[in-house]
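Inspection log for the structure reproduced underneath, given as structure tokens.
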Amino acid sequence: AEGPPFRHPAPLHLCPTGRIGVATVTAGPGVTNTVTAIKNAQMAESPVLLIGGAAASLQKGRGALQDIDQLSLFKTLCKACVSVRVVRDIIPTLRQAIATAQSGTPGPVFVELPIDVLYPFHVVEKEIGGTKSARGLRGKVVQWYLQNYIRNLFAGAWEPQDTSPLPVQVPLATEDEVGF
């Protein structure tokens, strides 16, 4: 069994608090069950960061469990839809997504995090690192490809990154627009 049993998402209460709402959901049905809440956030101009899991990057488009085009699903509902491809991009992507959700007309943003980007290095290496004793040219090429994939996935992941919030652009009405 994969993950905890399905639970219906709690209602998303949208109110102008000056803060951003954050929801994290599993891939597939977890993401699709948020469509109505995200549409409500869009209509209410509420800043919401939706973080959704996804199939491993290597398995995308290859019939993996719960692999759907989640970005297309939210393209018309969110101010931005992004899929993180490497571990070092998690923090910059989340910083930009939060700033985007709160800037201009507030609204929802969607960030997709494939499972191989979320798991620790040793787990990913064990699961997709290939066999240590590859046979034949084809086996050696596959092993080389998988090892390079893992190195690229985690390259720069342990380097310090700026975690401070990005500036939020809030448009203000001029005196002429307000009528004073």
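Residues passing the side chain to side chain contact (heavy atoms under 4.5 Å, CB included) test with Tyr119 are Ile115, Val123, Val124, sequence neighbours excluded. Every side chain to side chain contact (heavy atoms under 4.5 Å, CB included) that Thr36 has, sequence neighbours left out, goes to Asn40. Every residue two or more places apart in sequence or in another chain that forms a side chain to side chain contact (heavy atoms under 4.5 Å, CB included) with Tyr145 is listed here: Leu58. The side chain to side chain contact (heavy atoms under 4.5 Å, CB included) test applied to Leu49 returns Ile20, Val22, Ile51, Leu94, Ala97, Ile98, Val109, Val111, not counting sequence neighbours.
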Begin with the C-alpha distance, continue with both residues' side-chain angles, and end with the deciding distance and a verdict on side-chain contact (heavy atoms from CB on, under 4.5 Å) for Val31 and Phe110.
CA-CA 10 Å; Val31 171; Phe110 175 62; 4.2 Å; yes

Show your reasoning for whether side-chain contact (heavy atoms from CB on, under 4.5 Å) applies to Trp158 and Val87.
CA-CA 9 Å; Trp158 294 276; Val87 175; over 6 Å; no

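Sorted pairs that involve residues 36-50 and meet salt bridge (charged side-chain N to carboxylate O under 4.0 Å, His left out), not counting sequence neighbours, are lacking altogether. Residue pairs meeting the salt bridge (charged side-chain N to carboxylate O under 4.0 Å, His left out) criterion with at least one partner in residues 139-149, sequence neighbours excluded, are absent. The list of salt bridge (charged side-chain N to carboxylate O under 4.0 Å, His left out) pairs with a residue in residues 158-167, not counting sequence neighbours, reads Arg95-Asp162. The salt bridge (charged side-chain N to carboxylate O under 4.0 Å, His left out) contacts involving residues 141-156 comprise nothing, where partners must be two or more places apart or lie in separate chains.
Remark: Asn148 CG to Gln143 CD distance equals 10.5 Å, nearest 0.5 Å. To the nearest 0.5 angstrom, Leu118 atom CG is 6.0 Å from Ile90 atom CD1. Separating the CZ atom in Phe74 from the OG1 atom in Thr32 is a distance of 7.5 Å, to the nearest 0.5 Å. One distance of note links OH of Tyr149 with CH2 of Trp144; it measures 14.5 Å at 0.5 Å rounding.
Side-chain contact between Val25 and Asn33 is absent, with no heavy-atom pair separated by less than 4.5 Å. Looking at heavy atoms from C-beta onward, Leu146 lies in side-chain contact with Val142 at the 4.5 angstrom threshold.
Each of Met43 and Leu50 belongs to its own hydrophobic cluster when Ile, Leu, Val, Met, Phe, Trp and Tyr are linked at side-chain heavy-atom distances under 4.5 angstrom. Val48 and Leu73 end up in the same hydrophobic cluster when Ile, Leu, Val, Met, Phe, Trp and Tyr side chains are linked at under 4.5 Å. Clustering ILVMFWY residues whenever any of their side-chain heavy atoms sit less than 4.5 angstrom apart, transitively, puts Ile91 in a cluster other than the one holding Leu153.
Of all non-hydrogen atoms in Pro167 and Ala99, the two that sit nearest each other are O-CB, 4.0 Å. Summarising the geometry of Val84 relative to Val86, their closest heavy-atom pair is CG1-O, 3.3 Å, with the distance given to 0.1 Å. Gln161 and Arg88 make their closest contact through NE2-O, 2.8 Å (heavy atoms, listed as atom of the first residue, atom of the second, distance). Across Pro114 and Ala55, no two heavy atoms sit closer than the pair CB-O, 3.3 Å. Closest non-hydrogen pair, Ser83 versus Glu112, comes out as OG-OE1, 2.7 Å.
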Donor-acceptor list for residues 75-82 side chains, cut-off 3.5 Å, not counting sequence neighbours:
unit_1: Lys79; atom_1: NZ; unit_2: Thr100; atom_2: O; d: 2.6
unit_1: Lys79; atom_1: NZ; unit_2: Ser103; atom_2: O; d: 2.4
unit_1: Lys79; atom_1: NZ; unit_2: Thr105; atom_2: O; d: 2.8

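In this structure, the side chain of Thr34 does not engage the main chain of Ala37 through any donor-acceptor pair within 3.5 Å. The backbone N or O of Arg19 sits nowhere less than 3.5 Å from a side-chain atom of Gln102 that would complete a donor-acceptor pair.
Taking Ile, Leu, Val, Met, Phe, Trp and Tyr as members and joining any whose side-chain heavy atoms lie under 4.5 Å apart, directly or through other members, the hydrophobic cluster of Leu137 also contains Val141.
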